[in-house]
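What follows is a set of notes on a single structure, which appears directly below.
Computed from a predicted structure; not experimentally measured. Along the sequence shown, residues carry numbers from 1.
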Amino acid sequence: ADSSGKKRLHRTIDIETPLFLSNDEGTYGAIALYYKDSQITISHLFTEGDFWVIMPTTKEAIIFPTSCVTEEQVREKLQEILKKTPEEKVLSRKIRYYNSEKDTLEIL
């Protein structure tokens with residue numbers, strides 16, 4: 001709860017324990033991030049603002065709050081994941097950035 005007594009959802013997210021967005025089958029999570037409601041929900045409930053996203057495969061979108069990690073840390077994590085991912089399963093080698101003020105998801 002915050003100082004006013006209102007209950008809030010709280011989760012510790014960092015470079016080693018990111019937020020994973022997927023579906024019940026554990027597939028196509030990367031697509032789910034492109035629904036505007038998903039972006040806003042993640043921003044409000046989990047990251048409390050802007051966030052970085054990597055989508056190395058279609059299985060999931062991996063999300064990191066900008067308040068907890070740097071772009072460089074996310075780039076390193078993406079490279080680490082890509083080394084373990086078979087080439088035919090790679091979806092993206094790019095980082096995406098959600099700007100909560102502009103309500104935009106941009107590819108860096």
Side-chain angles (χ1 to χ4, degrees):
D2 63 18
S3 60
S4 69
K6 293 180 183 178
K7 291 183 180 177
R8 295 174 36 151
L9 181 60
H10 178 74
R11 179 179 169 102
T12 302
I13 304 171
D14 61 25
I15 198 69
E16 296 304 323
T17 55
L19 175 66
F20 291 90
L21 179 63
S22 193
N23 63 16
D24 291 342
E25 292 82 30
T27 58
Y28 306 116
I31 294 167
L33 186 67
Y34 283 95
Y35 292 111
K36 192 54 79 175
D37 289 345
S38 295
Q39 296 169 12
I40 293 168
T41 299
I42 291 165
S43 177
H44 289 167
L45 293 180
F46 295 101
T47 65
E48 297 181 349
D50 302 352
F51 54 87
W52 310 106
V53 180
I54 56 175
M55 297 182 225
T57 69
T58 59
K59 181 179 176 183
E60 60 204 6
I62 307 171
I63 301 160
F64 305 90
T66 59
S67 62
C68 299
V69 299
T70 65
E71 181 180 348
E72 183 58 34
Q73 288 174 303
V74 176
R75 283 192 190 288
E76 290 172 8
K77 181 57 85 174
L78 176 58
Q79 293 308 311
E80 177 184 315
I81 292 169
L82 289 172
K83 285 180 184 175
K84 300 175 190 173
T85 305
E87 187 63 35
E88 66 274 7
K89 294 193 179 211
V90 172
L91 173 66
S92 176
R93 299 177 185 284
K94 304 280 184 179
I95 295 176
R96 284 147 179 85
Y97 171 74
Y98 178 75
N99 183 319
S100 59
E101 196 171 295
K102 294 179 183 178
D103 190 25
T104 58
L105 184 64
E106 306 161 359
I107 297 175
L108 302 181

With a 4.5 Å limit on heavy-atom distance, are the side chains of [X] and [Y] in contact?
{"X": "I54", "Y": "F64", "result": "yes"}
{"X": "I63", "Y": "Y98", "result": "no"}
{"X": "I62", "Y": "I81", "result": "yes"}
{"X": "F51", "Y": "I42", "result": "yes"}
{"X": "I95", "Y": "V53", "result": "no"}

Would you confirm whether [X], through its side chain, and [Y], through its main-chain N or O, come within 3.5 Å as a donor-acceptor pair?
{"X": "D50", "Y": "N99", "result": "no"}
{"X": "W52", "Y": "Q73", "result": "no"}
{"X": "S43", "Y": "G49", "result": "yes"}
{"X": "Q39", "Y": "L33", "result": "yes"}
{"X": "S92", "Y": "K94", "result": "yes"}

Could you tell me which non-hydrogen atom of L108 sits nearest to which non-hydrogen atom of R75, and how far apart they are?
CB-NH2, 4.2 Å
salt_bridge(E80, K77) N-O dist < 4.0 Å:
yes
Is E76 salt-bridged to K83, cutoff N-O under 4.0 Å?
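So E76 does not pair with K83 through a salt bridge.
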Heavy atoms from other residues, nucleotides or ligands near NZ of K36 exceed 12 (cutoff 6.0 Å)
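Check passes, neighbour count above 12.
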Please determine whether the number of non-hydrogen atoms from other residues, nucleotides or ligands lying under 6.0 Å from atom CD of E101 exceeds 12.
no
Given the rule in the salt bridge (Lys or Arg N to Asp or Glu O under 4.0 Å) test, do E71 and R96 qualify, once you have shown the distances and angles that lead to the verdict?
CA-CA 10 Å; E71 181 180 348; R96 284 147 179 85; over 6 Å; no
Distance check, rounded to the nearest 0.5 Å: Y34 atom OH versus M55 atom CE?
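Atom-to-atom, Y34:OH and M55:CE are 4.0 Å apart.
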With no hydrogens and no angle check, do the side chains of E72 and T70 hold a donor and an acceptor under 3.5 Å apart?
no
Where do D103 and I40 land on the side chain to side chain contact (heavy atoms under 4.5 Å, CB included) test, with the steps shown first?
CA-CA 8 Å; D103 190 25; I40 293 168; 4.0 Å; yes
